[in-house]
Protein chains: 2
Amino acid sequence: MTELPVSERLGSHLKRAEQALSAAKNAALKQAGLTVSQYAALMHLSANPGISAAALARACAVTPPTMNTVLKNLQEHGLVERTPHEWHRNVLETRITEKGSRVLAAADPRAVRVERGLAAEFTPEERETLVALLGRCVTFLDAFRTAPDPES
Amino acid sequence: MTELPVSERLGSHLKRAEQALSAAKNAALKQAGLTVSQYAALMHLSANPGISAAALARACAVTPPTMNTVLKNLQEHGLVERTPHEWHRNVLETRITEKGSRVLAAADPRAVRVERGLAAEFTPEERETLVALLGRCVTFLDAFRTAPDPES
DNA sequence: ACCCCGGCATTAAAGCGTTGACGACCATTA
DNA sequence: TAATGGTCGTCAACGCTTTAATGCCGGGGT
C-alpha cells in the first residue's frame, strides 16, 4: 500500500528530532512557567522593545494570529504590556514588563543549558554540517510548497 | 540579556526545517483531505489492521489523547472504524475502512512526492549523515529530558 | 479469593498553530 | 480628492499536542 518505507523518510527523522527538542525545552522551561513559544517571544521582545505583533510574528516564524494568542497569554500573566501607538493608531506597541524580564532571566539559563548540551554532542564541523543540511531542507521545502501542483 | 545568539541555536534551525516540512506536506495532502497526522495514522493502520489506539499512538510517536482526537476526526469522516475487542473488553480495535483506503491511496503519491523531492536534494552520503546527526539529537534530548534537574 | 499492578481509553484544561475572512489604518498614486 | 495597495490587528473555525486525572479491565501473586 505505502510506496515508501517509513524509515527511509527523512520527514520522520526530522519530526522526531524536533519533537524531542521541543519536549526537552518545554520540560526545562516549565519550572520557570514559560512555554517555548512564550520564551521565544519574550527573547525577541527583550531585544526589540515596542516591536509590533506582526513583526514579532515574523521574527518567531509564526502567523500573526498565533503570536496574538501567545501575547494574550503573556499579557494575562503580566509579563508583557501592549499600548496603542502614538501616530499609527492601528498598531499596538508591545513591551516586556519588569516582571517579564525577571521571568525571562530565570528561564534563559534553563533553555541555554539544553542548547549547550545539545551542541556539545557534536564537533564544530558536525554542527556546521547539520545546520547546512537543515538549511537545504528549508530551501527546497519552501520552494516546493509554493510550486504549482502537478495534478490540480 | 540573552546568553546565546539565536542563530547559533541548533534548535531554531531544527524547528525551521520541521516547520517547512510540515507545511509542505500539509499543502500536498490538503487536496486529498488529510492532515499529516491523519495520513500517518492511516498508513500505520493500513499496515496493522485492528491495532489498538495506544499502540498506534506509540507507532506515530504521539500521546494517546492526541491519537484519540486524530482518530475521532478520521472516524467522523468515515475513514476509520472502531469496534470493541472480543475478549479484551476495554480495548477498541481500529481498522481502516474501504473509503479510508481509497483516500490513503489518493494521498500517498502526494506525500511521497514531497519525500522523494527532498531526498533528491541530497547525495546518499548526505542523507545518511543527516539521519545519523538527527538520531544523535534525539538520543541526547530524550536522555536530557529524563535527567534530573540541576536546580529543582 | 483477593488485591494490586499495568495497559487501555477517555476527559478536561491549556496552549500552539494554521487558513480564511474582515475591518481599520496609512501612504502612494492617479 | 479619490482610489489603491500594503500593513496591522483580530475573530472564527479547525486541528494537533501535551499533561494530569479518572475509570475500566484483565492477569498474576499472595
Side-chain angles (χ1 to χ4, degrees), chain A residues 15-16 18-31 33-42 50-77 79-80 82-94 145, chain B residues 15-16 18-31 33-42 50-77 79-80 82-94 145:
Chain A
K15 180 171 183 172
R16 223 63 162 222
E18 205 283 326
Q19 201 173 31
L21 171 78
S22 184
K25 270 197 179 170
N26 268 310
L29 291 174
K30 190 175 183 180
Q31 291 117 351
L34 289 181
T35 65
V36 171
S37 302
Q38 290 170 349
Y39 168 71
L42 283 185
I51 192 178
S52 79
L56 188 55
R58 281 190 293 271
C60 295
V62 296
T63 58
T66 298
M67 186 51 67
N68 207 336
T69 71
V70 173
L71 288 178
K72 184 165 62 66
N73 287 328
L74 286 173
Q75 197 173 15
E76 283 170 1
H77 289 82
L79 306 185
V80 135
R82 310 178 72 180
T83 59
H85 192 291
E86 193 62 16
W87 354 78
H88 223 55
R89 191 75 58 178
N90 203 28
V91 175
L92 289 180
E93 286 184 333
T94 306
R145 188 170 53 77
Chain B
K15 180 170 182 172
R16 235 25 176 246
E18 205 283 326
Q19 202 173 31
L21 171 79
S22 186
K25 270 196 179 172
N26 268 311
L29 291 174
K30 190 175 183 179
Q31 291 117 354
L34 288 181
T35 65
V36 171
S37 301
Q38 291 170 348
Y39 169 71
L42 283 186
I51 193 178
S52 81
L56 188 55
R58 280 191 295 272
C60 295
V62 296
T63 59
T66 298
M67 186 50 67
N68 206 336
T69 72
V70 174
L71 288 178
K72 183 165 63 65
N73 287 328
L74 285 174
Q75 197 172 16
E76 282 170 1
H77 288 81
L79 307 186
V80 134
R82 310 178 73 180
T83 59
H85 192 292
E86 192 63 16
W87 340 76
H88 238 56
R89 192 75 57 178
N90 205 27
V91 175
L92 289 181
E93 285 184 333
T94 306
R145 190 171 51 77

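Here is how names work: the chains are called A, B, and so on, in the same order as the sequence lines, proteins then strands, and each is numbered from 1. Keep in mind that the numbers below use all heavy atoms, side chains included, and drop hydrogens, waters and symmetry copies. Just so we're clear, the structure is a prediction, and the values are computed from it rather than from any experiment.
- Considering only side-chain N and O atoms, R145(A) lies nowhere under 4.0 angstrom from the phosphate OP1 or OP2 of dT18(C).
- The nearest whole Å value for the distance from the CG atom in L56(A) to the P atom in dC8(D) is 12 Å.
- S37(B) has no side-chain polar atom (N or O) that falls below the 4.0 Å cut-off from OP1 or OP2 of dG15(D).
- The phosphate of dC14(D) has neither OP1 nor OP2 within less than 4.0 Å of any side-chain N or O from K72(B).
- Taking only side-chain nitrogens and oxygens, S52(B) never comes nearer than 4.0 Å to OP1 or OP2 of dG7(C).
- Looking at heavy-atom distances under 4.0 Å, T69(B) makes contact with a base.
- The backbone N or O of T66(A) lies less than 3.5 Å from a partner atom in the side chain of T69(A), making a donor-acceptor pair.
- Side-chain nitrogen and oxygen atoms of N68(B) include none within less than 4.0 Å of the OP1 or OP2 phosphate oxygen of dA9(C).
- Between L71(A) atom CG and dC8(D) atom P there is a gap of 14 Å when expressed in whole angstrom units.
- For H77(A), the NE2 atom is loosely surrounded, since the number of other residues' heavy atoms within 6.0 Å does not exceed 12.
- Counting only heavy atoms from C-beta on, V70(A) has its side chain closest to dC16(C) among dG15(D), dC16(C), dA12(D).
- Relative to the side chain of A54(A), the nucleotides dA12(D), dT17(D), dG9(D) differ in distance, and dG9(D) lies closest.
- Proximity of a side-chain donor or acceptor of Q38(A) to a complementary backbone N or O of T35(A) within less than 3.5 Å is detected.
- Counting distance only, with no hydrogens placed and no angle test, the side-chain atoms of N90(A) and the base atoms of dC25(C) include no donor-acceptor pair under 3.5 Å.
- Place P64(B) and E76(B) on DNA chain D by their nearest nucleotides, and E76(B) ends up nearer the 5' end.
- The CZ atom of R58(A) sits 8 Å away from the C1' atom of dT7(D) (whole-angstrom rounding).
- Rounded to whole angstrom, the span from the CG atom of L74(B) across to the P atom of dG15(D) amounts to 10 Å.
- Atom CG of L71(A) and atom CZ of R82(A) lie 5.0 Å apart (nearest 0.5 Å).
- Atom CD1 of I51(A) is separated from atom P of dG9(D) by 10 Å (rounded to the nearest Å).
- Contact annotation: Q19(A) does not reach the phosphate of dT17(D) (side-chain N/O to OP1 or OP2, under 4.0 Å).
- Within the 3.5 Å criterion, the main-chain N or O of P64(B) finds no donor-acceptor partner in the side chain of N68(B).
- Using a 4.0 Å heavy-atom cutoff across all strands shown, K25(A) reaches no nucleic acid atom at all.
- Side-chain N/O atoms of R82(A) include none lying less than 4.0 angstrom from OP1 or OP2 on dC8(D).
- OP1 or OP2 of dC16(C) has at least one side-chain nitrogen or oxygen of N73(A) nearer than 4.0 Å.
- Following rounding to the nearest Å, L92(B) (CG) and dG23(D) (P) show an atom-to-atom distance of 19 Å.
- Residue E93(B) comes nearest to H85(B) through the heavy atom pair OE2-CD2, 3.4 Å, listed as atom of the first residue, atom of the second, then distance.
- A close approach under 4.0 Å does occur between a side-chain nitrogen or oxygen of T66(A) and OP1 or OP2 of dT18(C).
- In this structure, K30(B) does not reach the dC14(D) phosphate: none of its side-chain N or O atoms is under 4.0 Å from OP1 or OP2.
- One can place NE2 of H77(A) at 6 Å from P of dG15(C), the figure rounded to the nearest angstrom.
- The phosphate of dT19(D) has neither OP1 nor OP2 within less than 4.0 Å of any side-chain N or O from T63(B).
- Residue M67(A) contributes atom CE, which lies 13 Å from atom C1' of dG15(C) at whole-angstrom precision.
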